[in-house]
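To start, the structure under review is shown below, and the notes come after it.
Note: hydrogens, waters and symmetry copies are ignored here, and every other heavy atom, side chains too, is used.
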Amino acid sequence: MLEKIKPWVCSFSGCDGGNPEADIWLCGIEWGLESAAAYEYYERLKLQMQGSAIPVKKTDFDWEDSISYPYGVRFAKLYQVIQHQQLASYRNVAQLSGKELFKLNLYPIAFNSTADDLWHQHGFDTVTGFASKYLFNNWCFFNRFSFYVALRKQYQPKLIICTGVNYLKDFLMFFAGADGVDSIQSEIITVDTGEKRTLYWSKIDKSLLIVVPFFSGRWGLNSDALLHAFGNRVTQLQHEIILS
């Protein structure tokens, strides 16, 4: 069964698209999933997994749709600061052409919970041959990720923004591979309210890879002040990398 689904898994499955020639790439963990749509999504997904690889296509990123979700709103705010625009003007991204961004995800199968009962309930143990999503994701780590290392080498984006500091090693493997990282830097970003969050970064060939906290949750980039501070720091790092 694994050989049947491997072409699909080790391709552009589970990603959102946009322009791979864009200067900025955005990478999350996996698709968000609304509970009401879960059954239809899983049934469709199990059929897709039996098919061929999902190719990378050059399209226009849908900014307007993106900012209809909390994740997209917070990224738009961060993006505006990086572009030397006012954070409050985040709705203006809907007027962009869509050529400015490429959106990816680490893993191709989305769940709202890490509980293995959902994996079994929807039959993914049978479809994949793995007893748990954890085992499946570990297989992806060593097989799927090489596809994205090659993609990053092909397009050499200037900036890769990744969300989820607990997945630091995953992002590094996803874009750099086993031998692609010379050093990893971390720093604490503090705002006037006293809130502190950690930012990680690494230079991978011509790309600056940034790993930031999730955009929600108690320890996430859950305020405009934090988004503004992180956006400013990313801009500074880009300038420093160019000069180095």
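- If you run salt bridge (charged side-chain N to carboxylate O under 4.0 Å, His left out) between D205 and each of K153, K158, R152, only R152 comes through.
- The nearest pair of heavy atoms linking P213 to R197 is CG-CB, 4.0 Å.
- Taking R91 as the reference, nothing meets the side chain to side chain contact (heavy atoms under 4.5 Å, CB included) condition, with sequence neighbours excluded.
- Remark: A131 pairs with L135 by the side chain to side chain contact (heavy atoms under 4.5 Å, CB included) rule, at least two apart or across chains.
- Note: Y41 and W31 have perpendicular aromatic rings, judged against thresholds of 30 and 60 degrees for the angle between ring planes.
- Side-chain contact check for E100 and W63: at least one donor-acceptor pair (N or O, by modelled atom type) lies under 3.5 Å.
- Judged purely by atom type and a 3.5 angstrom limit, T235 uses its side chain to pair as donor or acceptor with the backbone of G231.
- Taking the six-membered ring for Trp, F136 and W119 have ring centres closer than 6.0 Å.
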Q.
Does Y134 form a ring pair (Phe, Tyr, Trp, His ring centres under 6.0 Å) with F141? I'd like the steps, not just the answer.
A. CA-CA 11 Å; Y134 172 77; F141 191 91; over 10 Å; no
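- Between E30 and K133, at least one side-chain nitrogen of the basic residue sits less than 4.0 Å from a carboxylate oxygen of the acidic one, meeting the salt-bridge criterion.
- Annotation: F102 is in aromatic contact with F12 [ring centroid separation under 6.0 Å].
- Between the S202 side chain and the L209 main chain, no donor and acceptor come within less than 3.5 Å of each other.
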Q: Quick one: do K99 and D60 satisfy salt bridge (Lys or Arg N to Asp or Glu O under 4.0 Å)? Show the steps, please.
A: CA-CA 5 Å; K99 293 179 172 58; D60 293 337; 3.6 Å; yes
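- Between F214 and Y71, the distance separating the two ring centers is not shorter than 6.0 angstrom.
- Between D224 and K77 there is a salt bridge, with a side-chain nitrogen of the basic residue lying less than 4.0 Å from a carboxylate oxygen of the acidic one.
- Between F174 and Y148, the angle of the ring planes stays under 30°, which puts this pair in the parallel group of the 30/60° scheme.
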